[in-house]
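Counting begins at 1 with the first residue of the sequence. One-based numbering, in listed order, for ligands and for the atoms of each. Since the structure is predicted, the reported quantities are computational estimates derived from the model, not experimental observations.
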Amino acid sequence: MGFGGVSKGGKKGGKDGGKGKGKGKDGGKGKGKGKGKGKGKDGKGKGKGGKGAAKVVVEPHARFASVFIARAKDDLIVTRNFNPGESVYDEKRISVDAPPAVAGGESTEKIEYRVWNPFRSKLGAGIAAGIADCPIKEGSKVLYLGGASGTTVSHVSDMIGPNGMVYAIEFSQRCGRDLVNMAKKRPNVVPIIADARHPMKYRQLVGACDVIFADVAQPDQARIVALNASMYLKSYGWFMISIKANCVDATAAPEAVYEAERERLKKDKCKPKYQITLEPYHRDHCLVVGQYRKTKAVKNE
Ligand code: SAM
């Protein structure tokens with residue numbers, strides 16, 4: 001797509017990638033040692049990376065139109081910044097030349113992307129781990145359960161762009177403050193401080209949605225998704241649920257927990273279609289993607 005530079009300093013280190021055996025296509029999978037002084041998990045290390053813009057090429061992701069891959073020393077997942085010039089969680093930003101309006105002409109415009117750290121986001125981890133499909137697209141209406149401070153919500157806001165809307169539900173007042181502040185600069189985010197167990201309470205703020213993304217890490221999360229789906233998800237709309245095994249049942253094997261959760265979802269008309277482990281980014285977590293069917297399909301005789 002173009003060449004540009006990393007506009008914010010910070011060499012990756014430790015878990016976030018570093019120099020080493022990046023696996024390529026999906027970004028963020030580099031396993032190596034991380035030569036610089038990166039702090040590890042959150043990728044906020046100081047290092048030398050910010051000095052002198054490194055050459056970066058940004059290309060569309062092979063399967064997901066709203067996600068991009070920045071190709072430099074390592075591949076990184078990035079989203080196009082809906083609020084250029086600002087980071088949300090101290091993530092790096094990458095600026096590249098926009099394609100020239102006239103073929104053969106020189107481009108003066110820049111496009112800015114934000115690096116998506118899969119260690120800090122279940123959705124980012126699902127994409128980095130190679131999930132088969134991501135129903136969140138340009139223009140999607142998304143109900144996000146468990147928005148926390150808005151780390152992943154901000155990338156969803158980038159993905160859906162100006163024609164989409166993400167309704168982010170979070171019940172912690174402390175996280176909610178950051179979420180509300182982030183939303184001030186992003187008109188496609190509606191922050192809602194509420195308990196997702198009571199979806200009626202936000203009925204005046206939320207419209208019909210194409211996708212529910214759930215990351216509440218609660219034992220009754222399947223029920224929470226089903227309750228919200230029945231109120232807000234369009235028929236044949238998609239749900240994506242991050243399952244943290246030990247939040248549901250700390251005594252059972254993760255695979256058994258995932259299976260039991262899939263069964264619970266099925267009973268509530270939420271039919272799982274894909275599942276992917278979120279390891280190595282999130283231990284004993286998986287992401288389940290499926291479709292909600294409000295009514296049983298009528299067979300054509
Ligand atoms: N998805 C977030 C991200 O990627 O940035 C992280 C979410 S964190 C694992 C789980 C969040 O869900 C917490 O902030 C917690 O307060 C919130 N949560 C848990 N139960 C909830 C509920 N019933 N209603 C609303 N939020 C809830």
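The ring pair (Phe, Tyr, Trp, His ring centres under 6.0 Å) pairs that include a residue from residues 186-205 are Tyr202-Tyr232, where partners are two or more places apart or lie in different chains.
Remark: Glu259 CD is loosely packed, at most 12 non-hydrogen atoms of other residues, nucleotides or ligands lying under 6.0 Å away.
Side-chain atoms of Leu287 and Met240, non-hydrogen and from C-beta on, do get closer than 4.5 Å to each other.
Distance alone, capped at 3.5 Å, is enough to place a donor-acceptor pair between the Ser66 side chain and the Glu138 backbone.
Side chains of His285 and Tyr258: a donor-acceptor N/O pair is absent below 3.5 angstrom, by distance only.
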Does ligand 1 have any N/O atom under 3.5 Å from a protein N/O, and what are those pairs and their distances?
unit_1, atom_1, unit_2, atom_2, d
ligand 1, 1 (N), Tyr144, OH, 2.7
ligand 1, 1 (N), Gly146, O, 3.0
ligand 1, 1 (N), Asp215, OD2, 2.8
ligand 1, 4 (O), Thr152, OG1, 2.5
ligand 1, 14 (O), Glu170, OE1, 2.8
ligand 1, 14 (O), Glu170, OE2, 3.2
ligand 1, 16 (O), Glu170, OE2, 2.6
ligand 1, 20 (N), Gln218, NE2, 3.1
ligand 1, 23 (N), Asp195, OD1, 2.8
ligand 1, 24 (N), Ala196, N, 2.9
ligand 1, 26 (N), Phe171, N, 3.2

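The pair Asp97-Lys110 meets the salt-bridge criterion, since a charged nitrogen lies less than 4.0 angstrom from a carboxylate oxygen.
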